[in-house]
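Remarks on the structure that follows.
In what follows, every heavy atom counts, from backbone to side chain, and hydrogens, waters and symmetry copies are set aside.
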Amino acid sequence: METNSTDWRYTVMPAVFTWLKESESGALEIDFDATQKQAAGVLKAQGKGGSRMGGLVASGTLGENSYLSTEQRLALLKCLSEVAKEYNVPLISGAAAETKEELAKIIEGLATVGVDTVMVMPPKTKAVPSDEEMYAYYALAEATAKEAGVTIMPYNNPDAAGYHALSTDVLRRLSVLPAVTALKISTTDVSTIETLMLENKDLKILAGVDTVTVHAGLAGACGGITGVGTIFPKASVTMQEYVLKGEWDEANKISQAMNSLSYLDAQPLLMEYLKFAMGIHHNDAAGGLRTFGKKLTQQQIDDVRARYSLAKERLELLDLID
């Protein structure tokens, strides 16, 4: 695979968690200092080959996005833009809306707080949009982003409940728009990546599911966005180094070592699961478990602990724990 070490799209990027704390009234609120600290810690990590994460993904699914108000979200992103600037990486965040007009307003708002690239989810509507309706939705997003001085990343996530799949034809048409910097394809079926790359080897596609990082690389993805890599950044970055060099056996060893935990990245409660695993990793399980999301059962907590411990043990044998 042809690589470009100066292009952030040829790296893996962490989808960082939003840390919470109790206010004086006992309600949960964003802990901006802890969130900045954890994000910086991930961006400092290096792979065995010396590379680092190439971007910072904030206020996404793993960042409590669906539970935050617009004001909370913009304050969080403004806070994390400081970290992104310090480490000279782009700040990436997501946007979802029912209408293209609502989406345009969201993109304009994200641009004001330092977001460089907006991951645009398909419209979350009951009716399935036609290809032309889907294209119009993204075309306005692209035009809005261009006017605001940012880029967009169409985000195809057909495995997520409530989101419509983008057809290969729409993805192909969107990929050539000026303000589209890459496509993000989050599915365990990497055949769409392979189809698009066979047609255009210059496409920039990012994978979004940890369990298929290596398979996505084989199919032609140049980088990825990771949840598990936020917990084990050295391992995730090193795996991407091997993927870019085509050293598939070495990359697969790391993928298999992390797989017990990576499995959770494709589950409905991925945010609650992986956030708790991050808390275990930092000896702050009570803090990691705090979330605006669903409370885990004891059985789920025990399962995450077991999966985390197995992944850590395997990665330690590969010298991939910081």
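- In this structure, T11 and S51 have side chains that are not in contact, with every pair of non-hydrogen atoms separated by 4.5 Å or more.
- By the neighbour-count criterion of 12 heavy atoms within 6.0 Å, atom CD of E147 is sparsely surrounded, having that number or fewer from other residues, nucleotides or ligands.
- Side chain of S81 to main chain of G114: no donor-acceptor pair is present (N/O by atom type, distance under 3.5 Å, no hydrogens or angles).
- Between the S59 side chain and the L77 main chain, no donor and acceptor come within less than 3.5 Å of each other.
- Using modelled atom types, one finds a donor on one side chain and an acceptor on the other under 3.5 Å when comparing E64 with T291.
- A ring-centre distance under 6.0 Å is found for F232 and Y308.
- Side-chain contact between L264 and V304 is present, with heavy atoms from C-beta onward closer than 4.5 Å.
- In terms of modelled atom types and a separation under 3.5 Å, the side chain of Q240 and the main chain of C222 share a donor-acceptor contact.
- The 12-atom threshold is not exceeded at CG of N88, counting heavy atoms of other residues, nucleotides or ligands nearer than 6.0 Å.
- Residues V180 and P154 are in side-chain contact: their nearest non-hydrogen atoms beyond the backbone lie under 4.5 Å apart.
- Sorted pairs that involve residues 90-149 and meet ring-ring contact (aromatic ring centres under 6.0 Å, His included), not counting sequence neighbours, are lacking altogether.
- K234 places a side-chain N or O within 3.5 Å of a backbone atom of D319 that can act as its donor or acceptor partner.
- The minimum heavy-atom distance linking P123 with P129 is given by the pair CG-CG, 3.8 Å.
- Between L310 and R314, the closest side-chain pair of non-hydrogen atoms falls below 4.5 Å.
- With hydrophobic clusters built from ILVMFWY side chains whose heavy atoms lie under 4.5 angstrom apart, L68 shares a cluster with M278.
- Side chain to side chain, E29 and S23 fail the donor-acceptor criterion of an N or O pair below 3.5 Å.
- Using a distance-only test at 3.5 Å, with no hydrogens or angles considered, a donor-acceptor pair links the side chain of R9 to the main chain of T181.
- A side-chain donor-acceptor contact under 3.5 Å links S93 and R73.
- Closest approach of G54 to V89, counting heavy atoms only: O-CB, 3.5 Å.
- Between E108 and K105 no salt bridge is recorded (no basic side-chain N to carboxylate O distance below 4.0 Å).
- Within the structure, every pair that satisfies the side-chain hydrogen bond (donor to acceptor under 3.5 Å, both in side chains) test and touches residues 167-177, not counting sequence neighbours, is listed here: D131-S167, E132-R173, D169-R172, R172-E199.
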* To do: Any chance you could lay out the salt bridge (charged side-chain N to carboxylate O under 4.0 Å, His left out) test for E82 and K85, step after step, and finish with the verdict?
  => CA-CA 5 Å; E82 298 173 8; K85 288 176 182 176; over 6 Å; no
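- A donor atom on one side chain and an acceptor atom on the other are not found under 3.5 Å apart for T18 and T35.
- M197 and V214 end up in the same hydrophobic cluster when Ile, Leu, Val, Met, Phe, Trp and Tyr side chains are linked at under 4.5 Å.
- The distance from the CG atom of L20 to the CD1 atom of I30 is 7.0 Å, given to the nearest 0.5 Å.
- Grouping the Ile, Leu, Val, Met, Phe, Trp and Tyr side chains by contacts below 4.5 angstrom, directly or via other members, places L261 with Y263.
- Side-chain atoms of N156 come within 3.5 Å of backbone N or O of L166 as a donor-acceptor pair.
- In this structure, the side chains of E250 and K245 stay at 4.5 Å or more apart for every pair of heavy atoms.
- Y67 and L28 fall within the same hydrophobic cluster, defined by Ile, Leu, Val, Met, Phe, Trp and Tyr side-chain heavy atoms under 4.5 Å apart, directly or through other members.
- A heavy-atom distance below 4.5 Å is found between the side chains of L320 and K48.
- Checked by atom type and distance alone, the side chain of T238 never pairs as donor or acceptor with a backbone atom of G47 at under 3.5 Å.
- Here the side chain of T211 pairs no donor or acceptor atom with the backbone of S262 at under 3.5 angstrom.
- Taking each heavy atom of L171 and L183 in turn, the nearest pair found is O-CD1, 4.0 Å.
- Contact annotation: the side chain of I107 approaches that of V150 to within less than 4.5 Å [non-hydrogen atoms, C-beta and beyond].
- Linking Ile, Leu, Val, Met, Phe, Trp and Tyr residues whenever their side-chain heavy atoms come within less than 4.5 Å places L74 and F32 in a single cluster.
- Judged by distance alone, the side chain of D210 and the main-chain N or O of D265 form no donor-acceptor pair under 3.5 Å.
- Listed for the E241 side chain is a donor-acceptor partner under 3.5 Å among the backbone atoms of G49.
- Shown here for I225 and A15, the closest heavy-atom pair between the two residues is CG2-CB, 4.2 Å.
- Under the 3.5 Å distance criterion, with hydrogens and angles disregarded, a donor-acceptor pair is assigned to the side chains of Q298 and D302.
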